[in-house]
Peer 1: 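Here it is, the structure in full.
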Amino acid sequence: MTTYDADGITLERVREYVWEIPREGGMNAPARVLASERLLDEISQDRTLQQLRNAAHLPGVAKYALCMPDGHQGYGFPVGGVAGIDAEGGCISPGAIGYDINCGVRMMKTNLDYDDVRGREEELVESLFANVPSGLGGGGVVETDVDTVEEILARGMDWALEAGYAAEADLAHCEDEGYRPEADPSKVSAKAKDRGKNQVGSLGSGNHFLEVQRVTDVFREDVADAFGLRENQIVVLIHCGSRGLGHQVCTDYLRDIEKAHAGLLDRLPDKELAAAPAGSQLAEDYYGAMCAAINFAWVNRQLIMHRTRRVFERLFDRSWEEMDMQLLYDVAHNIGKREVHEVPVDAEGRPTGVDEAVDHDKRELFVHRKGATRAFPAGRPELPPAYGDVGQPILIPGSMGAGSYVLRGGENSIAETFGSTAHGAGRLMSRTQAKQEYWGEDVMDDLRDTHEVYVKAQSGATVAEEAPGVYKNVDEVVRVSDALGIGDKVARTFPVCNIKG
DNA sequence: ATGTCC
């Protein structure tokens, strides 16, 4: 058997690009890493593998805990981690969903070509930067009150439609139609709502951005046609989350769960994995609050897209409808969701690790995707009609120097990964290390001079933190996803201009 | 990711 040794953790090679940490000790299931050896070399440099092994200790983990090809260490649970956990006898863990609840990305199409924007990049980047709120702290497209925040939390994209910031088609092209009906705004703290009220329609900071891109390659012509993508087309990618509101929801519930379920926590290898048992009051309350923060993030991205349409209308002197600025899709990167999957079950019929299975059956799970994208294939009823025959669009932001990818949900994703794939290139180094290696102005000069990419940011430090060199090779991440049949390559894009916090 | 410690 081929094995891979990584500082105390031995992985067994199951087949090409599939590595397994066998079940041992307190693990409730094995763990799997989906990666090439080259990516595994990078993944094993930080605490990702330990965190993945720890995640397999969560009660009710079904089949195996997973790490996607872009995985790196996060708070308690890897970014790029996926766990399907029994929604009846298992648990829900905020750290396995992430602080930035429904951090995600959407792509808006246009009927413009690269030639239409060439020579006007600086005008475009200045206008976007002036009109789309970004950076740490407050300031959004809408600055509102707690009552309106509660409406947004309860109704998601439906609020944006009624308030005149969205078209019907925008709702249809979001995961879950931009609305989680289980949202319970009464379970979101006053402090979280207060942080959110002046951040509706704001990018934030860190790796969040708005990028105008051009399509450079099409790999699957039939799928690209169904998605409405073609070479040289201008598209806009928006990456951001639920800002201070979602962060506060995570903070609030981590604190409460640690206290109320200390017994469960004592049996876990890492305090950061704090989890609420399925069926407990805190599990229900956190789920309702998390769904509300998910709704908030969809509205956030919608308002940024709405403002982007206005900027394009002024610059190109046409209506957004005339420029066919339609939403391709909005995908969540950091969410937990009740989904039914076929899983191994034990003699009592409870979801279990793949080794202990006496049977397989459909069970409701809390699917935790943290830095991972849903990747449902053709035929799934959750997909919008336009994508029902080809699979859902998956958006994989790369870096400012490498470009990004559009994939489609692969045939094997349901069986292999609870219907999931990677969410980006994945960091290679910490933000602190990035700021030691790079200087923002130099990164911007280099991108402009060598790639004709125009960047404008609130802070030079943010540009240094997001320099192309801090990311893994996105081509390699996508190659593995495609080879495993969990997310198939459809098209590639390259930046034209980028604004960030 | 994040009013990067109430």
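Labels below follow one simple rule: chain letters A, B, ... track the order of the sequence lines, proteins then strands, and each chain is numbered from 1. Below, each value reflects all heavy atoms present in this structure, side chains not excepted, and no hydrogens, waters or symmetry copies.
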Peer 1: Which comes earlier along DNA chain B counting from the 5' end, the contact point of A:G206 or that of A:K435, where each point is its nearest nucleotide?
Peer 2: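 Result of the comparison: A:G206.
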
Peer 1: Could you give the NZ-to-C1' distance, from A:K191 to B:dC5, as a whole number of Å?
Peer 2: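 So the two atoms are 10 Å apart, to the nearest Å.
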
Peer 1: Rounded to the nearest angstrom, tell me the gap between atom CD in A:Q248 and atom C1' in B:dC5.
Peer 2: 13 Å

Peer 1: Determine, step by step, whether A:E211 and A:N498 satisfy the side chain to side chain donor-acceptor pair (under 3.5 Å) criterion, reporting the C-alpha distance in whole Å, the side-chain angles of both residues, the deciding distance to 0.1 Å, and the verdict.
Peer 2: CA-CA 4 Å; A:E211 192 167 271; A:N498 178 303; 2.7 Å; yes

Peer 1: Measure OH/A:Y75 against C1'/B:dT2 and give the value in whole Å, please.
Peer 2: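 For the pair A:Y75 OH and B:dT2 C1', the rounded distance is 13 Å.
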
Peer 1: For A:S242, report the nucleic acid contact type (base, sugar-phosphate, nothing); a contact means any heavy atom under 4.0 Å.
Peer 2: nothing

Peer 1: For A:R243 and B:dT2, give me the distance from atom CZ to atom P, rounded to whole Å.
Peer 2: 5 Å

Peer 1: Just how far, in rounded Å, is P of B:dT4 from NE2 of A:H247?
Peer 2: 9 Å

Peer 1: Between B:dT2 atom C1' and A:N334 atom CG, what is the distance in whole Å?
Peer 2: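 In whole Å, B:dT2 C1' lies 13 Å from A:N334 CG.
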
Peer 1: So what does A:G244 hit on the nucleic acid, given a heavy-atom distance under 4.0 Å: a base, only sugar-phosphate, or nothing?
Peer 2: sugar-phosphate

Peer 1: Just the rounded figure in Å: distance from P of B:dT2 to CD of A:Q199.
Peer 2: 8 Å

Peer 1: Enumerate the side chain to side chain donor-acceptor pair (under 3.5 Å) contacts for residues 48-60 of chain A, please, sequence neighbours excluded, ordered by first and then second residue.
Peer 2: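 Counting only pairs at least two positions apart or across chains, the side chain to side chain donor-acceptor pair (under 3.5 Å) contacts touching residues 48-60 of chain A are A:D46-A:T48.
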
Peer 1: May I have the list of side-chain donor-acceptor pairs in residues 288-299 of chain A shorter than 3.5 Å, sequence neighbours left out?
Peer 2:
residue, atom, partner, partner atom, Å
A:N295, OD1, A:R180, N, 2.8
A:N295, ND2, A:L153, O, 2.9
A:N295, ND2, A:R180, O, 3.3
A:W298, NE1, A:D330, OD1, 3.0

Peer 1: Between A:F227 and A:Y387, what is the ring plane arrangement, given parallel below 30°, perpendicular above 60°, and tilted in between?
Peer 2: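 Perpendicular: the ring planes of A:F227 and A:Y387 meet at over 60°.
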
Peer 1: Taking OH from A:Y253 and C1' from B:dT2, how many angstroms apart are they, rounded to a whole number?
Peer 2: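 A:Y253 atom OH is separated from B:dT2 atom C1' by 19 Å.
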
